[in-house]
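Take a look at the structure below.
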There are 2 protein chains.
Amino acid sequence: MAKSSSSKSKSGDTAVSIKDIARAAGVSHSTVSRALRDSPLISPQTRARIRALAEEMGYTPDAIAQSLQAGRTFTVGVVVTSIADPFFADVVDGVESVARPAGLSVFLNASLNDPDQELLVIETFHRRRVDGIILAASRIGTEHVERLAKIRVPIVQVSNQAESDRDFLHSVAVDDRAGARLAVEHLIALGHRHIGYIGVTNRPRSNRRRLLGYQEALRAAGIEPREKWVRTAQLHGVAPEGDVQAGQMLLPTLWEAGITAVFCYNDMVAIGALLACRERAIPVPEACSVVGFDNIALTRYVFPPLTTVHQPKRTMGQIGMKMLLELVEGREVSPKHRVLPPELIVRGSTAPPGR
Amino acid sequence: MAKSSSSKSKSGDTAVSIKDIARAAGVSHSTVSRALRDSPLISPQTRARIRALAEEMGYTPDAIAQSLQAGRTFTVGVVVTSIADPFFADVVDGVESVARPAGLSVFLNASLNDPDQELLVIETFHRRRVDGIILAASRIGTEHVERLAKIRVPIVQVSNQAESDRDFLHSVAVDDRAGARLAVEHLIALGHRHIGYIGVTNRPRSNRRRLLGYQEALRAAGIEPREKWVRTAQLHGVAPEGDVQAGQMLLPTLWEAGITAVFCYNDMVAIGALLACRERAIPVPEACSVVGFDNIALTRYVFPPLTTVHQPKRTMGQIGMKMLLELVEGREVSPKHRVLPPELIVRGSTAPPGR
DNA sequence: GAGCGTACTGCACACGTGTGCAACCATTAT
DNA sequence: ATAATGGTTGCACACGTGTGCAGTACGCTC
């Protein structure tokens, strides 16, 4: 049996098609197609016979041909800035965990945080006729969004970084302002009055919102924000490398400006701040409290464990993919923009001021 | 101009095809096809006219139809155990960095470290007629490898975990034994004589090889390995979560067995060991040295920074993808199995014994 | 002006799958 | 015995692209 099947499959270099099965069974390829798709038009006997034959000949349906005829490919494209970024690794993991059981395969590509590259990748997805696209941390601004509109494909953005609320775009993101407020209110509750913020420029939207939340929390507590408490790193590349350096380089100036606590754009920046404190022998959290954002796995393993604002990264990927599934099926999705609540995670890097 | 093009593209819900262009230009679709592919058969004037028309109508070639006719899809499939695992994130990043410029799109799927799931994903890739497959940390053993052989697709394994050196399989991996020896020799050179090993069961091949290198290094220094110095965690799920717990739970028994240093299967296990030491107030590295494996980004940010064995993860992904490119083009690749040298990275978690 | 060559274009088929419609066969009812 | 009915099956086309081959038109040469 194994011998006969192997000798049969060896007959051609290309895979067996329904035509091959049809020839072997002495029927037309239409009959084979219907038999394999459980059409009621086919008699049970021939169906069984053909299915057995297909099994024996090692038939695997050609998804390319099926896509061409059906007008759907059952694929989605995902664009991230960097695959190695732990934030997006979690998001993609969530996306994949929903897409795979739904029968959709996912194309993954990196944009390297470059809008031109991002458009190029999207163009490739369009050529491949993906059924939908997920853009993570998209930099596509108002100037290029028209090109997206021409592609008649559902698009869901996750943590998008450009301000262009066009009607055909859907999105899921965490409430950055609320998250920042949580972090800063926590520090204020501990007794801090001199609180800094370390930001970045290459994720403009979330950075601005977190800065806004930071300022709101200060004002709500009767503290007037000071310019010298805020430092922003000019970054252009992809995330993980530069972020740590940013925190490491910018903390000292804030420290000299008299802060007793610092809220950082994200966890990697906070790690950099932690390293800077260690270099300068500033005890954390005794002399300086540090708060991050994102709650990546790393935060549990550094010392002291990092107090941070949790983003449900995997869940965001799952929700985004579920929204996309709905859109692909032609259903309306509402609300078009999902904003998830952040959550404060208190660990060891924050304490009352001790200066 | 923008108006005319939008009105034209609005005419149908489906994308414009070369037939639409042909109709608009008053030629046959063959002429359009040739014009767009720069065939010398087409006169420069008609070529220019057709290209302009295609541009104006917003034509994007249908990769599905091209794949069907060409018999190639210009796609590759990548299977990893978990996308969220930082090790594979780096590998996939390397794969993608080679595939994208080469015009190949990559399908990414998770196997969750389950051989059945892995075969299922491979089956999907086969249905989609990918040109090649990359298997990371594959668990496909000798029993299932025959099913792979029937798929006439080039396969490259990265850090494969099953022993089945079949002729059609290519691979790239780091030299686990040499890496383990580097780590243990480093500890011995520091003066340690009581050295433990914490292993895992769900990555059997590399675990066995690292254990072997550990034992070899001990014997080469005249130290007889003791059974109580070796502990192995029974794990089944995906990596990042369990590994830390494994290190955390197994270090104490080794400590009580009198070790002054421990070599861990990988960095996450080592992090767990670090956490256990902190819980028990065992100073690292003064009382207990800790060495990891992989050199993931995390190791630079924990305290103390982790001494570890570097694996060129991104490079491994790139080399694997380059091998696959060669195979896809029909060229022979030699050697079939690339074994890369590891590198010892000395940081702050190792020091002379102080007990 | 006939013959020839060159430059260009269209016809028809291929790739693998799915499906509307017609045709066939067998069984049953009249 | 003939017609009607219902159950199966095949023909032919579609999806979008690429290409071998035949065919057309034109210009050149003898």
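Since the structure is predicted, the reported quantities are computational estimates derived from the model, not experimental observations. Letters A, B, ... mirror the listed sequences (proteins, then strands); counts begin at 1.
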What integer distance in Å separates [X]:[atom1] from [N]:[atom2]?
{"X": "Leu36(A)", "N": "dT17(C)", "atom1": "CG", "atom2": "P", "value": "9 Å"}
{"X": "Leu68(A)", "N": "dC15(D)", "atom1": "CG", "atom2": "C1'", "value": "4 Å"}
{"X": "Arg23(B)", "N": "dT9(C)", "atom1": "CZ", "atom2": "P", "value": "19 Å"}
{"X": "Phe74(B)", "N": "dT17(D)", "atom1": "CZ", "atom2": "P", "value": "16 Å"}
{"X": "Ile64(B)", "N": "dA14(C)", "atom1": "CD1", "atom2": "C1'", "value": "18 Å"}
{"X": "Arg49(B)", "N": "dC8(C)", "atom1": "CZ", "atom2": "P", "value": "13 Å"}
{"X": "Ile18(A)", "N": "dA14(C)", "atom1": "CD1", "atom2": "P", "value": "15 Å"}
{"X": "Lys19(A)", "N": "dC13(C)", "atom1": "NZ", "atom2": "C1'", "value": "11 Å"}

TODO: Specify the residue among Pro44(B) and Arg129(B) whose closest nucleotide of DNA chain C lies further upstream toward the 5′ end.
DONE: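 Taking each residue's closest nucleotide, the earlier one in sequence belongs to Pro44(B).
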Classify the nucleic acid contact of [X] as base, sugar-phosphate or nothing, counting any heavy atom under 4.0 Å across all strands shown.
{"X": "Ser33(B)", "result": "base"}
{"X": "Thr46(B)", "result": "sugar-phosphate"}
{"X": "Arg37(B)", "result": "sugar-phosphate"}
{"X": "Gln66(B)", "result": "sugar-phosphate"}

[X] side chain, from C-beta outward: closest of [options]:
{"X": "Tyr59(B)", "options": "dT17(C), dT17(D), dT9(D)", "value": "dT17(D)"}
{"X": "Arg34(A)", "options": "dG10(D), dT9(D), dT19(D)", "value": "dG10(D)"}
{"X": "Ser30(A)", "options": "dT9(C), dG16(C), dA12(D)", "value": "dA12(D)"}
{"X": "His29(B)", "options": "dA12(C), dG18(C), dC15(C)", "value": "dA12(C)"}

- [ ] Indicate yes or no: at least one non-hydrogen side-chain atom of Gln66(B) is less than 4.5 angstrom from one of Gln69(B).
- [x]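 Gln66(B) does not reach Gln69(B) side chain to side chain.
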Task: Six-ring centre of Phe125(B), Arg127(B) cation under 6.0 angstrom, axis tolerance 45° - done: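 Here Arg127(B) fails the 6.0 Å and 45° test against Phe125(B).
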TODO: With DNA chain D as reference, determine whether Leu41(B) or Ala65(B) sits nearer its 5' end, using the nearest nucleotide of each.
DONE: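 Taking each residue's closest nucleotide, the earlier one in sequence belongs to Ala65(B).
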Open item on the list: Closer than 4.0 angstrom, basic N to acidic O: yes or no for Arg314(B) and Asp90(B)?
Closed with: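 No, this pair does not count.
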- [ ] Can you see which heavy atom on Asp93(B) is nearest to which on Ser82(A), and at what distance?
- [x]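 Closest approach of Asp93(B) to Ser82(A): OD1-OG, 4.5 Å.
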Task: Straight-line distance of Met323(A) CE to Ile155(A) CD1, nearest 0.5 Å - done: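 Reported value, rounded in 0.5 Å steps: 12.5 Å.
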